[in-house]
Amino acid sequence: MSTPLLEAKDLTIAYGDQVAINHLTLPIPEKKITAIIGPSGCGKSTLLRSMNRMNDFIEGVKLEGAINYQGENIYAPHVDPVEVRLRIGMVFQKANPFPKSIFNNVAWGPNISGLSGDIGLRVETALKQAALWDEVQDRLEEQALNLSGGQQQRLCIARTLAMEPEVVLMDEPCSALDPVSTSRIEDLLYEMKKKYTIVIVTHNMQQAARVSDYTAFIEDGELVEYGETEQVFTNPLKKRTEDYVTGRFG
Amino acid sequence: MLRSSTSFATQRNRLLESTFGWLLFFCAAISVLTTVAVILILATETFRFFQSVSPFAFLFGTEWSPLIAPKHYGVLPLISGTLLVVVGASLVAVPLGLASAIYLSEYAAPRTRQIIKPILEVMAGIPTVVFGYFALTTVTPLLRQVFPELPIFNAASAAIVVGIMILPMVATLCDDALRSVPNPLRHAAYALGATPFEVTSRVVLPAALSGVFTSFVLAISRATGETMIVTMAAGAMPNLTFNPLESIQTMTAYIVQVSLGDASAGGITYQTLFALASILFLITFCLNLLAQRIMHQMREVYR
Amino acid sequence: MISAIANPRLRRRKLVSAAFRVLCAATAFVVVGILFALIFDLMLDGLPWLDIQFLSSFPSRFPELAGIKSALFGSLWLIGLTALFAVPIGVLAAIYMEEYAPQNRLTRLIELNIANLAGVPSIVYGLLGLALFVRFFALERSILAGALTMSLLVLPVIIIAAWEAIRAVPTSLREAAYGLGATRWQVVQSHVLPMAMPGILTGIILSLSRAIGETAPLIVMGALTYVAFVPEGPMDEFTTLPIQIFNWTANPQEAFQDLAAAGILVLLGILLVTNSIALAIRYWSTK
């Protein structure tokens, strides 16, 4: 396999004395969905946040190794996190729309960055990609906070897609949502995968099995197993993996 | 039998409790009585004042000389003096206070914050007479080097120092308002590839706007009621002007000037104090009410 | 497909962000610098005059002989009497508002009223004191009149501070006590108050500290600016340290300006001590 679009290479992350990720190497293949699963506290969110340098905001975090994007380490001294995040977007666990209108939420990022093209078209495209357009096209000026939880999360997805990133990181995007909203977002992912590379952290194993192409199982900050999803779930190589996916722990 | 002995004790306890409750209520009610007393006294003396001086002549007159013949009771010079100081102070306190707060809230490392915040608290606790001294002995000479024609007592020195005095309050309130904006909003903005300036100016500040605005309103209220700095540095010359480089007198400074004489003698001069105090009270009351309204609205948004 | 991100624009955005950061940081440090400039200036002018003789002499026309004895004693008397009135009333009022007051419109009115009083300019309180205590109750320009005036001034602040401290006591504690059959006052006295006491003390000390520095209301109600005696009773006339400072500052002779600086250093020293005590209480109570 040629160099993956994104990869963690011998990555070690520590908060003070506590090691969260321990010498971890993981490829993220292009235009596929990679799921990261593991028990609570195993470091999956830390790993995800390191991929667009959102860990920079945590006091006392130390990072060794590299996250390579298109072969270039995003933690190299000359790299500006702003540029990283223009290419690698993120959807958070709890929907966090701006207290602005629906339109302005989606338009905010492109306006700031001066992305070319008609902003109205860009917003419409993003909302369609997030399967939200039909529900909001008549009320784009309404406050985003008036939307339901599931709608807000899809709005956040639209907001991210409006920037046309290469990679979309998703940190347990459905954990705060009801099953109906969850399944709508999962349907979204199948469509999104045609254009974007997706990394999704989830504690819901059924979701990982349903949605992803590749799965990485992480425990105590270490990569226990990585492979095609079907293989990891039906024929895991490690006993720990088997115990986890069959629900024996975690 | 058991019942009757305990019922006597409980009856006495209940009596004590209820008396005590009334005592406590009275203590709380003293605050209401204070407000009633203030309003009554202000209204009474102002009313008496208007028996001698017509409200029109008072509110729209352009000359204020109640102590020297020929006597005029037009309050506009004092209003303009107060206005000059308040506007000048706001021009100092608002941008500097907000910028300091932005630094503290969005940029400063926790250790830096731990040093600067207490310093701001210390500054907020410095008595205004100290700032008055600072205005007269440091700021005025400095200004006179830039403007050699500047009189020793002038509006600009007072305005600048009043601004410095209320700056810590503006900074602290703005800092609170900015910090109350939840972090997920910042993260969302950063994740979209925004620079810290854009996150602060296009997400955090708009979200904190009512708290920031409240701080400005409260700052104006404080500046209006400020007495010692203007007494010591602005002058005792009622002067209807918008030029900060002149001597002026504010409403509060006039009250002090009269009090340093013999105010308790009664008569029109005594009444002028209360007429002015009525204006002060009304202005600060309305501003404080406005600030409370805005704060109330803000809490609704983030429920 | 990477969308068209304009590179010069990105460079400009980063520049603006960096410049903004520098601007805000510079502002914060300028503000802090002003405080240090003030203290430095005070020490330069005032320290040479600060000695025992300064603390134990009365004011005088001759700067070398002048001191703050009368002002210090006046301030002491004033704050002592003010505390006597304002502290019990303030704390009891706060207890009422949090523990006894029903949730009705009257209570809400009192609460709003207290908040408003805290924002009234201090000079208005001075005029209130003048009309009410000096003239109506005929207390003349006495320490008693001054203390009553200052009590009204600091009362809202003490109530708010004590209220916060009492409110911070967890409801579960109260519920446990009520559940054991205690009366309201018993709950307050043996459970709520002890736990809220550090916060209440801190609030009281900080409120009274503000009163120590007040000048305008006292001038207005008639405190003197030149006093060459130590007060011996609550009906005596008086001056205070801030008023003495004001008086000296207004004197065009430079020596008196330096005396004012020395007086300010004493005043700030007192405030430093009281605030440190308050902070120490707060610190020890959270351990």
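Order of the sequence lines sets the chain letters (A, B, ...), proteins ahead of strands, with each chain counted from 1.
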> Checking side chain to side chain contact (heavy atoms under 4.5 Å, CB included) for the pair C:Thr249/B:Phe134: CA distance, chi angles, key distance, verdict?
Replying inline: CA-CA 10 Å; C:Thr249 310; B:Phe134 184 62; over 6 Å; no

> Got a second to check how far B:Leu260's CG is from C:Phe246's CZ, nearest 0.5 Å?
Replying inline: 5.0 Å

> How about B:Ile152: does its CD1 atom have over 12 heavy atoms from other parts shown lying under 6.0 Å from it?
Replying inline: no

>> Under 4.5 Å from any heavy atom of chain C, what part of B:Thr231 do you find: side chain, backbone, both or neither?
In response: side chain

> Given a strict heavy-atom distance threshold of 4.5 Å, which part of B:Leu120 is in contact with chain C: side chain, backbone, both, or neither?
Replying inline: side chain

> What option among C:Ala118, C:Pro121, C:Gly263 has the most heavy-atom pairs under 4.5 Å with chain B?
Replying inline: C:Pro121

>> Using 0.5 Å steps for rounding, measure from the SG atom of B:Cys27 to the CD1 atom of C:Ile159.
In response: 8.5 Å

> Side chain, backbone, both or neither: which part of C:Ile219 has an atom under 4.5 Å from a heavy atom of chain B?
Replying inline: both

> Taking C:Met221, C:Arg21, C:Met97, C:Gln186 one by one, which has the highest count of heavy-atom pairs under 4.5 Å against chain B?
Replying inline: C:Arg21

>> Only pairs of heavy atoms separated by less than 4.5 Å count here; which of C:Gly213, C:Ala25, C:Ala216, C:Ala94 has the most with chain B?
In response: C:Ala25

> Where is the tightest heavy-atom contact between B:Tyr133 and C:Gln257, given as atom of each residue plus distance?
Replying inline: CE1-O, 3.4 Å

> Which bit of C:Leu272 is near chain B, if near means a heavy-atom gap under 4.5 Å: side chain, backbone, both or neither?
Replying inline: neither

> Between B:Glu198 and chain C, which part of the residue has a heavy atom less than 4.5 Å away: side chain, backbone, both or neither?
Replying inline: side chain

>> With rounding to the nearest 0.5 angstrom, report the CG to OG1 distance, C:Asn116 to B:Thr34.
In response: 12.5 Å

> Is the closest side-chain heavy-atom distance between C:Ile123 and B:Met251 below 4.5 Å?
Replying inline: no

>> Working to the nearest 0.5 angstrom, can you tell me the gap between C:Ile34 CD1 and B:Ile164 CD1?
In response: 4.0 Å

>> So for B:Thr195, is it side chain, backbone, both, or neither that comes closer than 4.5 Å to the heavy atoms of chain C?
In response: both

> chain C heavy atoms under 4.5 Å from B:Thr252: which part of the residue, side chain, backbone, both or neither?
Replying inline: both

>> Using the rule given for side chain to side chain contact (heavy atoms under 4.5 Å, CB included), can you reason through B:Tyr270 versus C:Leu130, listing the C-alpha separation, both sets of side-chain angles and the distance that settles it, and then say yes or no?
In response: CA-CA 10 Å; B:Tyr270 179 76; C:Leu130 178 66; 3.7 Å; yes

> Between B:Phe26 and C:Ile89, is a side chain to side chain contact (heavy atoms under 4.5 Å, CB included) present by the stated rule, with each step listed?
Replying inline: CA-CA 9 Å; B:Phe26 179 67; C:Ile89 298 180; over 6 Å; no

> Which atom pair, heavy atoms only, marks the closest approach of C:Leu271 to B:Gly125?
Replying inline: CD1-O, 4.1 Å

> Closest heavy-atom contact between C:Ile110 and B:Ala28?
Replying inline: CG2-O, 3.9 Å

> Non-hydrogen atoms of chain B under 4.5 Å away: do they reach the side chain of C:Leu267, the backbone, both or neither?
Replying inline: side chain

> With only heavy atoms counted, which part of C:Ala101 is less than 4.5 Å from chain B, the side chain, the backbone, both or neither?
Replying inline: neither

>> Show the nearest heavy-atom pair for residues C:Tyr100 and B:Leu24, with the distance to one decimal.
In response: CE1-CD1, 3.4 Å

> Which distance, rounded to the nearest 0.5 Å, do you find between the OG of B:Ser31 and the CG of C:Leu117?
Replying inline: 6.0 Å

>> Does any part of the side chain of C:Ile212, heavy atoms only, come nearer than 4.5 Å to the side chain of B:Pro127, both counted from C-beta?
In response: no

> Under a 4.5 Å heavy-atom cut-off, does chain B meet the side chain of C:Asp45, its backbone, both or neither?
Replying inline: side chain

> So which part of C:Phe136 gets closer than 4.5 Å to some heavy atom of chain B, the side chain, the backbone, both or neither?
Replying inline: neither

> Does a side-chain heavy-atom distance below 4.5 Å link C:Val120 with B:Val38?
Replying inline: no

>> Is C:Arg210 in contact with chain B via its backbone, its side chain, both, or neither, using a 4.5 Å heavy-atom distance?
In response: neither

> Is it the side chain or the backbone of C:Val31 that comes within 4.5 Å of chain B heavy atoms, both, or neither?
Replying inline: both

> chain B: which of C:Leu155, C:Leu42, C:Leu92 shares the most heavy-atom pairs with it under 4.5 Å?
Replying inline: C:Leu92

> Within a reach of under 6.0 Å around CD of C:Glu254, are more than 12 heavy atoms found that belong to other residues, nucleotides or ligands?
Replying inline: no

>> Under 4.5 Å from any heavy atom of chain B, what part of C:Leu38 do you find: side chain, backbone, both or neither?
In response: both

> Can you say whether C:Leu127 sits under 4.5 Å from chain B via the side chain, the backbone, both, or neither, judging by heavy atoms?
Replying inline: both

> Side chain, backbone, both or neither: which part of B:Thr112 has a non-hydrogen atom closer than 4.5 Å to chain C?
Replying inline: side chain

>> To check you understand the geometry: which heavy-atom pair defines the closest contact between B:Ile116 and C:Ala28, and what is its length?
In response: CD1-CB, 4.5 Å

> Which bit of C:Pro156 is near chain B, if near means a heavy-atom gap under 4.5 Å: side chain, backbone, both or neither?
Replying inline: neither

> By a 4.5 Å heavy-atom criterion (distance strictly below it), what part of C:Ala115 contacts chain B: side chain, backbone, both, or neither?
Replying inline: both

>> To check you understand the geometry: which heavy-atom pair defines the closest contact between C:Cys24 and B:Tyr103, and what is its length?
In response: O-CB, 3.5 Å

> For C:Phe20 and B:Tyr107, what are the C-alpha separation, side-chain angles and deciding distance, and is it a side chain to side chain contact (heavy atoms under 4.5 Å, CB included)?
Replying inline: CA-CA 10 Å; C:Phe20 183 69; B:Tyr107 291 107; 3.2 Å; yes

> When rounded to the nearest 0.5 angstrom, what distance separates CG in C:Leu35 from CE in B:Met123?
Replying inline: 5.5 Å

> Measuring heavy-atom distances to chain C, does B:Leu167 have an atom under 4.5 Å in its side chain, in its backbone, in both, or in neither?
Replying inline: side chain

> Can you say whether B:Glu45 sits under 4.5 Å from chain C via the side chain, the backbone, both, or neither, judging by heavy atoms?
Replying inline: neither

